[in-house]
There are 2 protein chains.
Amino acid sequence: MSYVVGVDAGGTSTRALAVAPDGVVLGTGRSGGANPNSNPPEKAAGHVETAIREALGALEPASANACVIGMAGTAKLTDPQVAALFSAVWERLGLTGVRIVTDPEVAFASATPAPDGTVLVAGTGSIAARIRGRRMVSTAGGYGWLLGDEGSAFWLGREAVRRALDELSGTGRLGELTRSVLAAADVDAADRSLAWRRLITVVNGEAPVRLARFAPLVSAAEDAAPILDRAARLLAELAFAARDPGESTPLVLVGSVLAGPVGARVREKLDGLDVRSSTDGVLGAVRLAGIEAFGEDFATVPGDLPRVP
Amino acid sequence: MSYVVGVDAGGTSTRALAVAPDGVVLGTGRSGGANPNSNPPEKAAGHVETAIREALGALEPASANACVIGMAGTAKLTDPQVAALFSAVWERLGLTGVRIVTDPEVAFASATPAPDGTVLVAGTGSIAARIRGRRMVSTAGGYGWLLGDEGSAFWLGREAVRRALDELSGTGRLGELTRSVLAAADVDAADRSLAWRRLITVVNGEAPVRLARFAPLVSAAEDAAPILDRAARLLAELAFAARDPGESTPLVLVGSVLAGPVGARVREKLDGLDVRSSTDGVLGAVRLAGIEAFGEDFATVPGDLPRVP
């Protein structure tokens, strides 16, 4: 029996599907995080192995026609020691021709059968990718928190804190966003000058990406619309920077920030384009594996696949 | 014989002057850095002691009518252990009534005898301060590199790296600024995609404030005018945020960024205002001490003081 394997290896969980040529799910597996940047590489490789082994069940590994793994932090695989850990996993599993692709590639494939288009990712960070033949051929943004990540949860959180510091420097009423930032940071607003200094100290005492924790406050506050608007404008610019003028391919939105009010604003700015939301990375991995094994006809199959519990 | 002592305690050096009521310099002293944030507090206190002791020479410490020390990182003095180190220094020196003030306050006093106005500081970081009665009564900016520092050397350096990443992402010619950033970061531009990744890795592998090292490249590059313009606009906004509408008091510019082409652009935007450059912090400290001891008439004296070698 021929089949393909698709895997979505994320920062906190890894999910695998074994799927027949007609789209029937033959097995599912899941385990812990497998981003080799945010997990120890041994652990990441082990989680991928566990999820795949579970999905394979009694299936003959040698019969797998293709296996595609979508992974964040693929740059880490340029380290030969890390690459060797994953090679050892394929060997133990008895799988050949395993292909690791970037998470924007599986995200794009999860949302559309089209081979060309754009992915806009806005989670803790932000990046847009130009997709051609289902491969990421170039990117816009993706500079990371220190150098960019405009419109991301990090950026939204930083803007929220900046708003609070601006208001604490002034004499006007403290707005809803400022009050919720101060509450979340456990800073007492009674003395504004002290609160200003304390908030700076708290934020600088944590890892910079922890600023992303304030992002949900921006979505919730009544007086945060200008920040949400600015985030949406920056993200739309990022998406357009990864597209040709007049390009009519699908544009796929991925990530926590794009699921909320920023996403709604981004969609307004992309009005008239074929905008989609990424559903589930593992479906994209299955689609990529199926097309590799069974040809273009498979492209439209996994849209009907059930979600893996 | 009555006299006052002024001290400028900077990050890399400390300088002290003992000055008579008529402005005659009675003694000078210098030693290493004394910012208790960037130097171990014991060392910082020791450097202040050395510089003052040298300036006093054979003068009777008990005859000092006032002693003012301008210091960066004064927030550190709220730590009782650090404060105790400095108190012990005054005791050993036999000085009473020593007053520590912020560096914007001495910078302002160094440039003008006026009691009210604005200081705009742009070095590694940026901040504007409202000065009333020669004291800093409020600030704009000063959020630090993670949350702000717009227009500072950190900000200029970050913009330079962002420009390089933007150009490396594209297919056009690499401009002068990008080429000088890549050279400074020791990144080979032959493979753009590799260079893009390498530059991000290099910058993220260093302390964030090290981005300030790229700032001089922005001043030097022919194609960096838009970045210089933006820095100047942000710094001018910062200055205006610390001023009342129509305020006609002096505006004092301080810091490495304001000494270069950004400073020239800021001056254009402040056209019509009484804009001055801070000369030498130790003169500001002497002026503040002299006014405290001998009254307002002293305000115009230290302008004629020689620079301390």
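Sequence lines set the chain letters: A, B, ... in the order given, protein chains first and strands last, and positions in each chain run from 1. Quick caveat: nothing in here was measured; it's all calculated off a predicted structure.
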Review point. If you take all heavy atoms of B:P208 and A:W145, which pair is closest and at what distance?
Key: CG-CH2, 4.4 Å
Point to revise | Single hit among A:V161, A:L165, A:N204 for side chain to side chain contact (heavy atoms under 4.5 Å, CB included) with B:Y143 | key: A:L165
**Study point:** Under 4.5 Å from a heavy atom of chain A, the part of B:L211 involved
**Key:** side chain
Review point. Hey, is CZ on A:R179 packed in by over 12 heavy atoms from elsewhere, all under 6.0 Å?
Key: yes
Review point. Within a reach of under 6.0 Å around CG of B:D186, are more than 12 heavy atoms found that belong to other residues, nucleotides or ligands?
Key: no
Check your understanding: Can you name the residues of residues 228-239 of chain A that have some heavy atom under 4.5 Å away from a heavy atom in chain B?
Key -> none
Revision key, fill the gap. Pair count under 4.5 Å, heavy atoms only, with chain B: among A:D166, A:T139, A:L147, highest is A:L147
**Study point:** More than 12 heavy atoms of other groups within 6.0 Å of B:R198 CZ
**Key:** no
Review point. With a cut-off of 6.0 Å (strictly less than), are more than 12 heavy atoms of other residues, nucleotides or ligands near CZ of A:R135?
Key: no
Check your understanding: Where does A:V203 contact chain B at under 4.5 Å (heavy atoms): side chain, backbone, both or neither?
Key -> both
Check your understanding: Is the count of non-hydrogen atoms from other residues, nucleotides or ligands lying under 6.0 Å from A:R197 atom CZ greater than 12?
Key -> no
